[in-house]
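Quick notes on the structure that follows.
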Amino acid sequence: QVQLVESGGGLVQAGGSLRLSCAASGRTFSNWRIGWFRQAPGKEREFVAGINWSDSRTTYTDSVSGRFTISRSFVRNMVYLQMNSLKPEDTAGYYCAARPLTTTGRGTTNYDYWGQGTQVTVSS
């Protein structure tokens with residue numbers, strides 16, 4: 001049974017940093033992609049960043065490019081989202097999700113498994 005468990009959210013001032021973690025278990029993820037999504041109140045869930053487990057190829061949405069970095073650890077079976085220069089508009093629930101590489105696209109419907117989320121609040 002696949003499980004994704006996020007941690008690391010919290011309250012931070014604008015300009016600060018947080019590192020989110022996603023603990024992945026239940027299968028081998030070598031041919032899978034892990035994505036981070038976020039959802040603010042009243043808004044749709046949106047793609048933030050993604051990484052291929054096998055070759056570490058990454059993609060980012062434009063609004064976080066240069067500020068956020070996604071990475072993964074083989075040893076710990078973890079995926080991280082380092083968030084720097086945080087802005088109030090980054091405030092949202094953050095979720096990690098997994099999809100096989102046989103599917104493509106950033107849409108939420110392309111991802112098979114989801115974590116329960118962790119809240120990030122950035123104060124101005």
Side-chain angles (χ1 to χ4, degrees):
Q1 181 180 356
V2 173
Q3 278 196 318
L4 302 171
V5 180
E6 303 94 334
S7 61
L11 173 63
V12 64
Q13 288 188 333
S17 298
L18 281 174
R19 189 177 80 157
L20 305 184
S21 300
C22 173
S25 62
R27 66 162 298 124
T28 301
F29 290 96
S30 56
N31 293 315
W32 285 62
R33 184 171 180 83
I34 307 297
W36 281 100
F37 290 76
R38 66 186 179 186
Q39 186 169 20
K43 295 188 177 181
E44 292 187 354
R45 191 169 295 188
E46 64 172 354
F47 173 83
V48 175
I51 187 167
N52 290 353
W53 194 268
S54 55
D55 62 13
S56 294
R57 184 174 298 181
T58 60
T59 56
Y60 298 90
T61 193
D62 288 346
S63 61
V64 308
S65 185
R67 299 189 297 124
F68 291 10
T69 302
I70 188 171
S71 62
R72 58 99 179 91
S73 167
F74 280 130
V75 174
R76 299 188 175 190
N77 244 34
M78 301 281 285
V79 174
Y80 304 100
L81 186 67
Q82 178 67 42
M83 305 186 297
N84 298 328
S85 302
L86 282 161
K87 304 175 182 180
E89 51 263 43
D90 295 318
T91 295
Y94 282 72
Y95 301 84
C96 68
R99 68 163 173 83
L101 290 177
T102 51
T103 62
T104 60
R106 298 182 175 186
T108 56
T109 57
N110 294 316
Y111 284 76
D112 293 343
Y113 300 103
W114 292 85
Q116 84 289 349
T118 186
Q119 179 66 32
V120 171
T121 303
V122 184
S123 64
S124 58

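Side chains are part of it too, since the values below use all heavy atoms of this structure and drop only hydrogens, waters and symmetry mates. None of these values were measured; they are calculated from a predicted model. If you read the sequence from its start, that first residue is 1, and numbering goes on from there.
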Quick one: pull up [atom1] in [X] and [atom2] in [Y] and give me the separation to the nearest 0.5 Å.
X   : Y    : atom1 : atom2 : answer
Q13 : S124 : CD    : OG    : 9.5 Å
C96 : M78  : SG    : CE    : 9.0 Å
N77 : I34  : CG    : CD1   : 9.0 Å
I51 : T58  : CD1   : OG1   : 6.5 Å
N52 : F29  : CG    : CZ    : 13.5 Å
Q82 : I70  : CD    : CD1   : 12.0 Å

Worksheet item: For the side-chain hydrogen bond (donor to acceptor under 3.5 Å, both in side chains) test, which of N110, T104, T59, T103 pairs with R33?
Response: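 In the set N110, T104, T59, T103, the residue that makes a side-chain hydrogen bond (donor to acceptor under 3.5 Å, both in side chains) with R33 is T59.
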
Discussion item. Y80: which residues meet the ring-ring contact (aromatic ring centres under 6.0 Å, His included) condition with it, sequence neighbours left out?
Written reply: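 Y80: no ring-ring contact (aromatic ring centres under 6.0 Å, His included) contacts found.
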
Fill in: ring-ring contact (aromatic ring centres under 6.0 Å, His included) against Y111, all qualifying residues, sequence neighbours excluded
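With sequence neighbours excluded, Y111 shows a ring-ring contact (aromatic ring centres under 6.0 Å, His included) to F37, given in chain and number order.
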
Worksheet entry | Pairs involving residues 35-68, ordered by first then second residue, that meet disulfide (SG to SG under 2.5 Å) (sequence neighbours left out) |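 The answer is none; no pair qualifies.
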
Worksheet item: Quick one: side chain to side chain donor-acceptor pair (under 3.5 Å) pairs with a partner in residues 20-30, sequence neighbours left out?
Response: none

Worksheet item: Run the side chain to side chain contact (heavy atoms under 4.5 Å, CB included) check on W114 and R45 step by step: do they pass?
Response: CA-CA 12 Å; W114 292 85; R45 191 169 295 188; 3.4 Å; yes

Worksheet item: Once the angle between the rings of F74 and W53 is folded into 0 to 90°, is it parallel (under 30°), tilted (30 to 60°) or perpendicular (over 60°)?
Response: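 F74 vs W53 ring planes: perpendicular.
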
Locate the shortest heavy-atom distance separating [X] from [Y]; write the atom from each residue and the value.
X    : Y    : answer
W36  : C22  : CZ2-CB, 3.6 Å
G9   : V120 : CA-CG2, 4.2 Å
S54  : L101 : OG-CD1, 4.3 Å
T118 : G8   : OG1-N, 4.1 Å

Fill in: Q39 (side chain) donor-acceptor with A92 (main chain) under 3.5 angstrom
no

Worksheet item: Can you tell me if T91 uses its side chain to pair, donor with acceptor, with the backbone of V122 under 3.5 Å?
Response: yes

Fill in: Results of salt bridge (charged side-chain N to carboxylate O under 4.0 Å, His left out) for E46 - residues two or more places apart only
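Here the qualifying residues are R38.
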
Discussion item. Before you tell me yes or no, could you show the steps for L20 and M83 under side chain to side chain contact (heavy atoms under 4.5 Å, CB included), namely the whole-Å CA-CA distance, both residues' side-chain angles and the distance that decides it to 0.1 Å?
Written reply: CA-CA 8 Å; L20 305 184; M83 305 186 297; 3.7 Å; yes

Discussion item. Side chain to side chain contact (heavy atoms under 4.5 Å, CB included) for F68 and T61? Distances and angles first, verdict last.
Written reply: CA-CA 10 Å; F68 291 10; T61 193; over 6 Å; no

Discussion item. Let's go through T69 and Y60 carefully: what are the C-alpha distance in whole Å and the side-chain angles of both, what is the deciding distance for side chain to side chain contact (heavy atoms under 4.5 Å, CB included) to 0.1 Å, and is it a yes or a no?
Written reply: CA-CA 8 Å; T69 302; Y60 298 90; 3.8 Å; yes

Discussion item. Could you see if L81 belongs to whatever hydrophobic cluster contains L18? Use Ile, Leu, Val, Met, Phe, Trp, Tyr and a side-chain cutoff under 4.5 Å.
Written reply: yes

Practice prompt. Please collect all salt bridge (Lys or Arg N to Asp or Glu O under 4.0 Å) contacts where either partner lies in residues 58-79, sequence neighbours excluded, each pair once.
Written response: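 Of all non-adjacent pairs touching residues 58-79, those that pass salt bridge (Lys or Arg N to Asp or Glu O under 4.0 Å) are R67-D90.
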
